[in-house]
Structure formats: C-alpha cells, structure tokens
Amino acid sequence: MLTKEVNDLLTQTTPGTPMGSMFRKYWIPALLASELPANDSAPVRVKLLGERLVAFRDSEGRYGLIDEFCAHRGVSLWFGRNEEGGLRCPYHGWKYDHTGQCIDVPSEAAESGFCQKIKLTGYPLVKIGDILWTHMGDKAERPPLPVWEFCTVPEEQTFTSKRWQECNWLQAMEGGIDSSHVSFLHSGSLKTDPLFRGAAGNKYNQQDRKPVFEVVDAPGGLFIGARRNAEDGQYYWRITPWVMPSFTMVPPRGDHPMHGHFWIPIDDENCWAWSFDYHPTRALSAEERQSMIDGYGVHNQYVPGTFRPLQNKDNDYLMDREAQRRGETYSGVWGIAMQDASLQESMGPIVDRTKENLVSTDNGIIMARNRLRRAVQALVKSGATPPGIDPAHQKVRSVAAVLPADAPFVEACREDLTVRPGVKQTSV
Amino acid sequence: MLTKEVNDLLTQTTPGTPMGSMFRKYWIPALLASELPANDSAPVRVKLLGERLVAFRDSEGRYGLIDEFCAHRGVSLWFGRNEEGGLRCPYHGWKYDHTGQCIDVPSEAAESGFCQKIKLTGYPLVKIGDILWTHMGDKAERPPLPVWEFCTVPEEQTFTSKRWQECNWLQAMEGGIDSSHVSFLHSGSLKTDPLFRGAAGNKYNQQDRKPVFEVVDAPGGLFIGARRNAEDGQYYWRITPWVMPSFTMVPPRGDHPMHGHFWIPIDDENCWAWSFDYHPTRALSAEERQSMIDGYGVHNQYVPGTFRPLQNKDNDYLMDREAQRRGETYSGVWGIAMQDASLQESMGPIVDRTKENLVSTDNGIIMARNRLRRAVQALVKSGATPPGIDPAHQKVRSVAAVLPADAPFVEACREDLTVRPGVKQTSV
Amino acid sequence: MHDDDTPFRTPVPTFDRPTLLSSCAQATTAEEARFRVQYPNAAPRSSRIVALDDGAARMMDDIIAEPRPAAHFLKVAPRQPDISPNEVVLLRLDGDEALLSTELAGADVVVLIATSAQGRRAAEIIGRVARAASVTTAGLIVTADAADDVVRMMRPVTGVLVVSPDADHLAAMLSALRA
Amino acid sequence: MHDDDTPFRTPVPTFDRPTLLSSCAQATTAEEARFRVQYPNAAPRSSRIVALDDGAARMMDDIIAEPRPAAHFLKVAPRQPDISPNEVVLLRLDGDEALLSTELAGADVVVLIATSAQGRRAAEIIGRVARAASVTTAGLIVTADAADDVVRMMRPVTGVLVVSPDADHLAAMLSALRA
C-alpha cells in the first residue's frame, strides 16, 4: 500500500504537479509519425500530461505541437485550416506557425505587428523511428534526443503501435514490471500467440508456475529477474529492465522479435500504452509484421479509425466465458495486451493504493514506486536530474537465459542487458 | 476579457442567480408547439434556466409547464398518465392540473382536502407562432406577451426550429452578434447554401473580407453595422439587431427569408439555439420550407427522434477535411448552424473569458456584455426593468443596404430597422 | 459573376464516422477546461486613449481611478502650435505636454473619444498618422444626440466605431481589450 | 511436447455484444471508485525484520522511529550459544534476547536484511526453519558493491530478493507490505 499523499504524488501529472514536472524533463512519445502523413495533412488533437494540444505538419514539412485553443476566443484549432505555412483558426482567421507564434490576425493591419504579441505554447516534435517525440519542459534544459534501440534500428526491423488505456499511467506501467502474473493471466497465450509460441523457454514458464523474484537497482531504474527451475540445477531467468519513468521491456522468447512498452499519461485517468516490437539484427518477416498489425503479441485490434481497442470496457472486452472454460484464455479475454488492460482498467481510473494488500512477490512494483518517489522529491527539492534521461540509461535490453544456480543475474548478463549494435538479443 | 466575477455573473442562470433572475423577467421560448401536438398527448421533459420541468397539454387543450417531480416521492412525472384533465403520477396516483395544483391523492379521502395542500411550481405556456412561450418569474410582474415579427406573421410565412447546443448560452449568443467571422467561417456557404446564394450583396462580402464595424446603442440592445466597400464610394451595410437578453437577427440577403435566433439557457452548460426564418410579406415557397427542414441556412439536421444535431461533438461534427481543402466549407463542417456550434462547443462548456484576447473588431461583443452587466446590476440594485421587455424593443428588423459614405447607418435606416406590417424587408 | 453560378453540391452526412479518442466529446468537458491556457499567451499591449474634446476629457478623468499601467491617457491640448501638419500636441494626466509622434511609437491601439465635433482637426491628423504607422484605431462616441457630424468626423479615422450615450462603455472596452 | 503442437485457433471478436448495465464501463468510473472497499478487508499482518549483520542493524535503527506495532525488529545476537541447529538467538530493540523459534510462531513474513555475508550462518538457519514453518521470507541486500557472496548467501533462504545501494527501500517495503 501507499499513503494517499504518495499515491497522489506518483499518479498526478497535470501542469504544476511534481510528477508532471518530472515527466516534462523527458522526451516522450507524442504520436505515431503516420498520424501526420504529409505536409498540410489534417491536424491531430493530442492530449498529454493533462495539456490539450494540436499537432500538425506544415507546408514545409515542419512538425508543430501547439496549444489546441486559439488565443482570441478559445476555439479549438483542430478545426483549423492547415495551409500556407501555418494553422489558421476558421473562426476569425488568426494563424499560427509550427512554434505556436501567431503570424496573422486579419482584422489588424499586417504592419502593426499585433500578431507578434500573441504566442501559444509550442513544443518540439522530432521524428525518431516510427514516433514523433516531444519534450514539454523548459527549452533551456532540453535533454539529448532519445536513443532507445527499438526506434534507432532500421525501419524494416521495427514496428510500433499505441492504444488508449482508460486508467492512470502508473497502474498500467506497474503491469509492465509485474512478471508474476504471466504464469496466470497470459498462460493461454503462450500456447497460441504466433509471436510467442515455439520458444524453448516457454516450457519453463509452464512447468514452474511459482517463479522467484530478484529486484536489482540500476542507474536508470531496475532490473527485475524472475527465475524458474531449469535442467541440471540451473535457473531459467527472465530479466525485465525498467527505465524511468515508464519504459519497460518484456524478456525475449527464442528468436521472436523483442518487445516492450512506454506508458505515457494522457491525463490522470487515461494513458497511452505504446507497444513496440523489433529485432536487433534482422528485418521483421512479413508474417511477423502482419501478426503485429492483426493485434497479436503485445499489440491489439482497434475500433476502426481510432486508437481505442476493439475490445474495450464498453463491450466487456468481448469476454468469452467458453474460451475461459476451455482454457484457451485464462480470463476469457483475448490477447496479451487486452488481458492486461482489462484488469488494470477494472481497478478504477486511479487505483486507491491505500487499500491494496501487497505481498513480497510485488517487490518489483514496490521498488519502482520508491524510485519514482525519490526522484520526484529530489527534483522538487534540488532540481536533481531524474534517472532515465542519460542516453546510457536508455541502452538496455531484456534477456532470457539459463544460468548457474548461484550466479547474480545482473553481473552474469551485464553485456546481454546492454545494447550491442549488430549483436542479436540473448534469448532462450 | 472579463473578470471571473463578471463572467460568472453573465453565464449563470440557475434559480437565485442575478442573470437567472433577469431571464425570469422575460417571456422566453420553452418548446415548439409541435412537441405537444394534441390534447392528452405525451408529456415532454423541459429543462430551462436549470429547472427541471414537464410540459403537457391536458384533455381540454390547456398547456401546463410544471415541476417535473411528484411532490410525494420525487418520481418523474414524465412517466405520468396525461388523462382526464391532468397529469397523474404512475407511482401512487397523485394527480396534478396544468397549473401544478394537486387535484387527487388517492390514498386520502377526497373529502379531506389533503390534495389542496399540495402544489407544484407551475409556469404559463402560451402559443404564439410556432412556439410555446413561458414566463418563469413573478406572476405579479408578468410582462406583455411577445410581439416579435417572426411569430406574429401568418403561419405560412414563418418556420422555426430548435437545436441543443452543448455550451453556455452566452458564448452561443455572442456568435450571433459576431459579424466579423462571416467572411471566414461561413465563406463557403455563401456560394452553396440555397437560402443564401444568389443575393446581389454576397459579392461585397467576398470582395471585401475586412469589414469595418460600428456599434450603436439602442433602447432594447444594440445595432451592429458591418460596412464593406461598394460601388461609387458608397458602403454596403449589414445591420444586426440584438435585443436583450438574447434575440439576434441576421441581415437579409436579397429576397431570401430573414432569419435570426433566440439563445435560451437549458442549464449553465447547455442551451437551446432557436432558429427562425420568415418573410414579412409573402408565404415561404415549398422549396424554401423544404430547404429549412433539410437543415440548410441557419437550420440543421438531427439525430432522428431528437433535437440533437446530426453533426455533434461525438462524431466530430462529421468534419470533412477534403471539403475544407477544396474550399466548399472553410472549416470542413457543413452548414452555417453547425459551423458556429462546433467552434463554440470547442471553446468548452463555459468559456473562461479571463483568458481571451479580444481585438477592437470584437466591440459588438464587448458592448453586449457590458449592456447585460449593467442591466443585471440595475435589476439587483433597484429592480429596474431590463431592456427588451417593452414590446417596442421587440419590433426590430435586420437590414442590408448600400448607403452614402458619410451616412450614420441607424439614422439612415431608422424605418428599415423597424417592423412595418405589410412592408417587405430592406435588403440587397 | 453571380454567386449561384457555382454548382450546388449537397454534402452527405453519414453515421459511419467513428468517435476518435481525440474527439470533441473529450474536448469540451468542464473538467478538462480547467487545464486550458495555463500561461500568458499574449504580450502586454500598449494603448493610447485620447480625449478629443472637453466632454471626452471629463469622461476620461472619471475612469482613470483604476490603474492601467499599459495605457497612456491623453487629451488634445487647447493650444496647438503649428509644428507640422502631422503633429498634435497632447497633454498627459500630469499636465505635461507630449507629441503625437512620440506617443504613437510603440502603441498597439489608439482609442479616440469624442462627445462632439470639437476635435475634428486633431482627429483627422491622429487617424492619418496612425494609419500610416499601422496602428489600430478605435473610436468611442458618447452622446445622446443623433451625432451625425461626430460620426462623419470619426468614421474616416477609426477602424471600429462605438456610439453610446453611456460613458461606462469606455472602461468596459479598455478592460476587454486588456488596454 | 512442444507448445506449438497445440493447434492455433483465432478467436473472432464481433461487434454484436451488448453493453450490459453491469459492464465494466460502469465499474471503472471515478465516481464509483470512491465506494470501493469501505471496510478493513485484511487482518493485521505480523512481521519480523531481522538484521543479519552490523551494517543492517544500523540501517534498521534508522527507520524504526516510525511506530509499526505489528512488526518486531530483531538483530542477530553477537554471541550464539549452541542451543540447537534450528535455533538463533536474536536481540529485541530493548536489548532483551529472543529465540527464533518463539519469534517465528505467529509471524506472517520474515524480512532479512544484509549488507555483507557476515550473517551467513544465521541466514541459513532462519531460511530453513521459516520454510519448514511455511513462513514467507523476503531479503533485502543493501550494498553498493557487486555483492556476489551476499546474493549467494541470501538467494537460497528467501522467496524474493531485492538488491539496492539505498537503505530507504526498507521503509518503503515495510510500509507497502503493511508490516
């Protein structure tokens, strides 16, 4: 459990909140590059950390992420005309460039310079990989651009999706570092999902449903090791890196692509679950890519034309009690992603952690919360740079390996847990 | 901008608020007469100025507008049986007449006179034109019945619709007196709408997109003149009357019917946009009436069976970016009414006017707000009768005219701005 | 050309449009409205309010109790020495003289107040010089009469004109414009 | 048997599912969340926190300012008389001696804290006896070094292991576990 004060501290990210200030220190995913496919394409509403913004790509291809509402009367610029180097409000024709600077107020003489006095908030948008990244904090303290491996490998080796999750970012993220639910909730999927099945390591998961956890502090966050019995007194280890504030990677299975997540607050009661799949050294096969598009693995299907999952709380996640009974799915909900999301959403928009009853296998979550709390408090107190901003912290991989019984897993896998260009992942 | 205090003063109309008291001085539109088509027809829920009411037409054809909830246990009388001269609650049979007087409590002996002790709030409902009007204020101070021209001409000359708008009444009303957006937001519609196209005056709108405004105080409200350059050094004037609290008329185009609006608070975050079209001296043609029914001009299409616009915030107003690009519509939203409503709703349920940045072309809105503020404060302070109640204030028309360069437009059009029975509108 | 030369095309609204996460449904709730515009999105404006005649000067005195740091309140001086056809001598609140050319430099908007046609010559110069300098002008005529001559004086020199018998519109306008 | 021997079957999501009143849609609103768990749904837990070495004992002293009535804070005594191969002598906060067997009776969880391999023998006994008594064990290693030997000591005797250079995880863990 957490006290109400700490629960509020970690879950609230709107402007002016401590955790909101911390998220504003990082480059975070804002939208898929495919959402702004061409110069002068339709603007897109973006809500991040409680701020209402509109993203657009101007006539010269410059990306802009600016305040959604016109400074004149507060109309949404989503209705705007994206043309001739800026976004024009359709109400009285005020026009803004990609930085949010007002560049035309038709009712005033152009020479008066009135428009120069009007400036909307504007954040940068930078395309790296499939994603447009933004930094919503102080321009003077803008950190280096992100170097996560999944978005810096060649494009044929990577695939990214995002889905709307209807709960606070923290309870979604906690699912990403909670290895102890895999043997239960996702047990059906290990058999049937084309992006998981067939890996040699799967048998350890299914033979030993009581993994033992070790949680090890790392400069950028944590390494969470789950060990199961393997042959000859050795252990099968699945190692999940968590990098602050909200990057997680799932341990690999065989030569399947590696995958992971970013959990980004939309507002305090909604978040984006970003999901990626990539292979460090080879292109994704056509079948793999199609499976990802079809919603297998960590991805999902959508309500057409939206980023809302096809299975959502309004249709009970298309729960199938018969499939649950037959054991094809453990909870009756199809797909890894929605198995997690359905349960996390059912916990409420912001779970009340004063009421939970944690056990010692929850120590990964306990440690992560404590790291977040410490980093936020250090930021508030002394402006300390939070972990995860240093590019070295971002160069991590997950690992699946069989190790001798007494080997400390982080030391034994030091190199495997680090991005090594041209070297494939360590996996079983 | 407005201070928070004045913004609250002007936008809040629930019982006991100053602006709520002012609205309760006027006869206001409550519902379309067609909503109560016959004696003993189904009762209709009506919410006005934050009050929950139910309207019905009793067995003798008397209209009633009474408190929605039964005095016994609070059941909604919308479920009631409208029969035998009253509305009977289906729960325990309490029955009310069209004034709200309880006339039967079955559990009590009729002789006890118990029911005479029970009286729900009841307001008058009077049919004038297509509308049932109500007065929700003190009966002793009931003003003369409304005499607006659009509802006193013969019925074949007039058409009225209403639509639900999901924002505060004031920001909807401000759109009605904001002439400076016409050259932008509605520019596509002037070409294509059958209720606008073809007027000689349209060319002035399109040739001169920077109108100059003059705002002139009038006893009942304002006259807002927008002048554009015409031939031979003359000006093309479009004159919008605003009568307090919320009646506006659009300047006419050619011999097209004249139109205008009432903006009536449902509660603080919703309002009814009433829209009328009439011709002072001729019947509407079948084509014109059909165009109005089809949602052209200031009218709109509906979600079937409701007064909610077919284009609404849940479907992004069926925005068409291709039509926006082709220039058929300026914002991509179809129809004058929904072009306005979409932007006004995007400003939020009650726009925060402390944050806006007005310019001098917004002086019509600035003046109207100041008139409302003064009238409310005078009412609170000394009980002064607000403008717009005097029938003389209601006998106004909008005008479109070409005038000499130095003519004061109100003086030059004194007669044209006044209702003259049997004389058609002044229009170009 | 006539407007109705354009062929009329009826857009066909349909129901098969999805509700996007980013839809207006999310865009207009009371809860999220709290988070709009958390910062000053406009630089302070600098305005000059000029009383063109004696009645206007009295009106102005009535409203300057409220401090408006970005506004200069000015009156046309009774004596106008013949400096230049483009110059007007103005008086600051403290009685010091100021030149129109100095005051216009750095101004965003000039509000001219008139109660009569007394200030015709000054109005003509201020309007002409402000237009040349691309400074927005607004006019407020406060008079209970028909005021034809005042309208004739003010219309050519202002970008927007307000006519009212009530002096309190001046304060409302300045406040609304953040002047 | 291989996992992929199982025939692959694609479930077909459909749209023809009604939203029930009892659907999750109703179950996950902010309003209803207030009404969850209105009563104590868990009995108090009883925990034993055991410092295995001197560094761990100093750390423990730092956090016990906060009262934790359901927790017993214990240190492995420096002198271990040879009572039994299944017994460890512990010291309570007040300096009194307590036996492991006594302390384990009624305990829900034992948290072992180590900063070095100094407490190897005590750790081995506590882990073995706790497992036999079905008492959950958790280990916290607080050390800035690689700590191979401490991991080797703690891994066989704990059900979950946390390794961190920061002492403040102890307080966070105890609080999170309601210890």
Side-chain angles (χ1 to χ4, degrees), chain A residues 14-16 20 31 35 43-47 49-55 66-72 74-76 78-79 96 100-102 105 107-122 162-166 266-270 272 302-308 314, chain C residues 14-48 70-71 103-111 126-139 157-162 176-179:
Chain A
T14 53
L31 61 171
E35 293 180 75
V44 174
R45 290 191 198 91
V46 175
K47 191 176 187 186
L49 309 180
E51 294 185 47
R52 294 292 308 270
L53 305 164
V54 64
I66 67 173
D67 203 357
E68 183 183 334
F69 303 103
C70 179
H72 178 212
V75 155
S76 171
W78 180 82
F79 292 95
Y96 302 89
Q101 177 61 51
C102 185
V105 173
S107 67
E108 307 292 307
E111 301 77 15
S112 72
F114 174 79
C115 66
Q116 288 155 22
K117 300 211 161 196
I118 304 289
K119 169 89 168 70
L120 298 178
T121 292
K162 72 173 189 179
R163 67 178 159 77
W164 174 22
Q165 184 161 336
E166 299 177 59
I266 295 172
D267 54 29
D268 290 349
E269 300 189 357
N270 296 276
W272 286 119
Y302 297 99
V303 174
T306 77
F307 292 106
R308 192 178 200 208
D314 288 335
Chain C
T14 57
F15 277 110
D16 64 354
R17 294 282 299 268
T19 301
L20 305 177
L21 169 60
S22 61
S23 285
C24 280
Q26 306 285 330
T28 56
T29 63
E31 303 85 76
E32 70 76 35
R34 286 186 301 126
F35 294 107
R36 297 186 180 194
V37 195
Q38 301 271 330
Y39 57 93
N41 59 8
R45 302 186 209 175
S46 190
S47 45
R48 308 288 177 261
E103 288 294 332
L104 275 186
D108 294 303
V109 64
V110 174
V111 179
I126 296 171
R128 177 159 43 77
V129 176
R131 188 179 311 112
S134 294
V135 175
T136 300
T137 51
V157 302
T158 52
V160 62
L161 195 53
V162 173
L177 296 176
R178 300 179 185 276

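Values in this document were obtained by computation on a predicted structure and should not be read as measured data. Chain letters run A, B, ... following the sequence lines, proteins first, then strands; residues in each count from 1.
- Counting all heavy atoms, side chain and backbone alike, C:Arg45 lies closest to A:Lys117 at CA-NZ, 4.0 Å.
- Between chain A and the options C:Pro44, C:Ser134, C:Gly159, the largest number of non-hydrogen pairs under 4.5 Å is found for C:Ser134.
- Within the model, atoms NZ of A:Lys119 and CG of C:Asn41 stand 10.0 Å from one another, a figure rounded to the nearest 0.5 Å.
- For C:Arg131, no part lies near chain A; criterion is any non-hydrogen pair under 4.5 Å.
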